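Structure first, commentary second.
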Amino acid sequence: MAPKALFFFALLSFSAVSFSPAFAENEEDLGLVMNFYKDTCPQAEDIIKEQVKLLYKRHKNTAFSWLRNLFHDCGVQRCDASLLLDSTRRSLSEKETDRSFGLRNFRYIETIKEAVERECPGVVSCSDILALSAREGIASLGGPYIPLKTGRRDGRRSRADVVEKYLPDHNESISVVLERFADIGIDTPGLVALLGSHSVGRTHCVKLVHRLYPEVDPVLNPDHVEHMLHKCPDSIPDPKAVQYVRNDRGTPMVLDNNYYRNILDNKGLLIVDHQLATDKRTKPYVKKMAKSQDYFFKEFSRAITILSENNPLTGTEGEIRKQCNVANKHHEEP
């Protein structure tokens with residue numbers, strides 16, 4: 001299925017398969033499978049897990065980055081680590097588009113890649129590292145542990161020219177967001193669960209001021225408005241300044257269902273948060289997830305799995321990048 005793709009946040013990456021001896025002998029594309037590297041790099045998933053834990057211990061906000069990377073990579077046509085590619089003279093990086101505002105910590109993906117390369121040179125794709133680091137980031141934030149298949153391979157070009165088409169903005173209607181999720185097989189409860197990622201992290205004032213200035217959006221909870229105005233005192237904030245509001249003031253570093261209680265209480269920061277809690281198609285699921293964290297985790301795990309398997313490159317498609325930010329030179333497209 002040709003995916004359209006996903007999400008926006010401030011909310012909202014992956015694909016591939018590694019070239020293994022078994023593949024060389026049998027010329028069989030295994031696709032995505034559990035424990036793809038069991039023969040070629042049996043320590044791969046443990047190394048990625050350990051690196052994510054170390055980075056999270058030193059830099060707590062890396063966990064948000066891992067999760068957001070997944071949305072922004074897999075949401076644009078396919079999971080192939082195209083998000084990680086730097087700009088070249090001929091191609092703008094996805095990282096530098098407006099939809100990628102606030103994405104960061106890409107250098108730590110290279111830290112993980114280097115650790116894996118030391119154990120198994122040229123075996124594990126950046127796409128799988130992106131997916132597995134998101135899985136470990138979710139767990140670090142108190143979310144569910146999600147078994148993910150591996151075997152993605154890396155793309156060779158950025159898709160900056162189509163990012164706007166695939167990733168909805170936070171101001172777009174809930175209908176647009178539902179449609180783009182549906183295009184990659186994620187249904188309404190899956191969408192509601194994925195936007196629960198707004199339970200953690202923060203939203204830059206640049207994304208919020210239209211709800212505060214020149215007049216406060218009347219649907220916002222008055223008790224929350226005071227805090228938002230304190231954090232975002234300028235109607236035209238400097239995009240390079242560290243001005244932001246925590247998505248969830250109660251448990252800002254925990255992926256939990258508190259987000260749903262907040263948006264039902266009109267404390268959602270983004271337009272899409274408010275729409276999620278009020279639209280007749282999504283509100284029933286918001287209310288159900290507000291009551292049951294187990295239900296939230298179940299739907300969240302299912303949606304992340306679908307997202308992470310969106311149209312991957314496998315078999316002999318793509319490549320295994322030596323560095324995640326640069327396509328291998330001998331494979332560069334004209």
Side-chain angles (χ1 to χ4, degrees), residues 6-13 49 52-53 55-75 100-106 108-109 130-146 148 167 170 177 190-208 224 227-228 231-232 242-265 267-274 276-277 285-286 289-290 292-305 307-308:
L6 170 348
F7 146 90
F8 76 111
F9 160 119
L11 253 247
L12 337 76
S13 304
K49 181 177 182 178
V52 168
K53 282 186 174 181
L55 288 164
Y56 179 70
K57 187 175 181 180
R58 297 172 193 159
H59 316 282
K60 297 290 186 186
N61 64 6
T62 56
F64 315 140
S65 299
W66 307 143
L67 180 52
R68 198 175 173 203
N69 286 347
L70 181 66
F71 295 136
H72 281 255
D73 186 58
C74 287
S100 298
F101 177 82
L103 288 176
R104 54 189 173 169
N105 292 325
F106 294 112
Y108 297 132
I109 287 285
L130 205 60
L132 295 174
S133 63
R135 191 258 304 277
E136 301 304 334
I138 290 166
S140 296
L141 291 166
Y145 184 81
I146 307 171
L148 293 181
L167 295 183
H170 62 282
V177 179
L191 161 69
V192 174
L194 280 179
L195 291 186
S197 299
H198 290 181
S199 167
V200 293
R202 58 196 188 183
T203 299
H204 198 288
C205 291
V206 167
K207 302 291 187 181
L208 303 177
H224 202 51
H227 173 72
M228 292 172 69
K231 290 291 187 178
C232 301
V242 184
Q243 290 181 296
Y244 62 85
V245 180
R246 289 286 183 188
N247 293 334
D248 176 6
R249 294 170 64 192
T251 54
M253 297 295 294
V254 181
L255 181 65
D256 60 15
N257 65 337
N258 202 41
Y259 164 75
Y260 301 103
R261 291 188 284 271
N262 285 337
I263 62 176
L264 288 170
D265 195 26
K267 294 179 180 178
L269 300 181
L270 300 166
I271 294 294
V272 73
D273 298 325
H274 174 70
L276 200 70
Y285 298 108
V286 170
M289 291 180 195
S292 172
Q293 180 147 289
D294 287 343
Y295 176 65
F296 164 47
F297 280 179
K298 174 189 170 188
E299 291 298 328
F300 184 80
S301 299
R302 184 174 66 87
I304 286 288
T305 299
L307 175 64
S308 72

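Source: prediction; values computed, not measured.
At least one side-chain heavy atom of Leu67 sits under 4.5 Å from a side-chain heavy atom of Ile304. Side-chain contact between Leu276 and Tyr259 is present, with heavy atoms from C-beta onward closer than 4.5 Å. At a threshold of 4.5 Å between non-hydrogen side-chain atoms, the residues Tyr244 and Lys231 do not count as touching.
Going from atom CG of Leu148 over to atom CD of Glu136 covers 9.0 Å, rounded to the nearest 0.5 Å. In this structure, OG in Ser199 is found 8.0 Å from CG in Asn247, a value given to the nearest 0.5 Å. Taking CZ of Arg135 as the reference point, atom OG1 of Thr305 lies at 10.0 Å (rounded to 0.5 Å). For the atom pair CE of Met253 and CG of Leu141, the computed distance is 6.0 Å after rounding to the nearest 0.5 Å. Taking NE2 of His198 as the reference point, atom CZ of Phe64 lies at 12.5 Å (rounded to 0.5 Å). The distance from the CD1 atom of Ile146 to the CZ atom of Arg302 is 12.0 Å, given to the nearest 0.5 Å.
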Full working for side chain to side chain contact (heavy atoms under 4.5 Å, CB included) between Asp248 and Asp256:
CA-CA 10 Å; Asp248 176 6; Asp256 60 15; 3.9 Å; yes
Taking it one step at a time, do Val192 and Glu299 satisfy side chain to side chain contact (heavy atoms under 4.5 Å, CB included)?
CA-CA 9 Å; Val192 174; Glu299 291 298 328; over 6 Å; no
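For the pair His224 and Leu269, the tightest heavy-atom approach, listed with the atom from each and the gap, is NE2-CD2, 3.6 Å. Considering every non-hydrogen atom in both Ile109 and Ser133, the closest pair reads CD1-OG, 4.0 Å. Across every non-hydrogen atom of His72 and Leu167, the tightest pair is ND1-CD1, 3.5 Å. Heavy-atom minimum distance, Leu255 versus Ile138: CD2-CG2, 3.8 Å. Ser197 approaches Phe71 most closely through the heavy-atom pair OG-CZ, 3.3 Å. Counting all heavy atoms, side chain and backbone alike, Val286 lies closest to Tyr260 at O-CB, 3.7 Å.
In terms of the ring pair (Phe, Tyr, Trp, His ring centres under 6.0 Å) criterion, Tyr285 has no residue partners (sequence neighbours excluded). The salt bridge (Lys or Arg N to Asp or Glu O under 4.0 Å) test applied to Asp265 returns Lys267, not counting sequence neighbours.
With Gln243 contributing its side chain and Cys232 its backbone, the two residues share no donor-acceptor pair below 3.5 Å.
Using a 30° and 60° split on the angle between ring planes, His59 and Tyr108 fall in the parallel class, below 30°.
Remark: Lys298 fails to qualify as a cation-pi partner of Phe296 under the 6.0 Å distance and 45° angle criteria applied to the six-membered ring.
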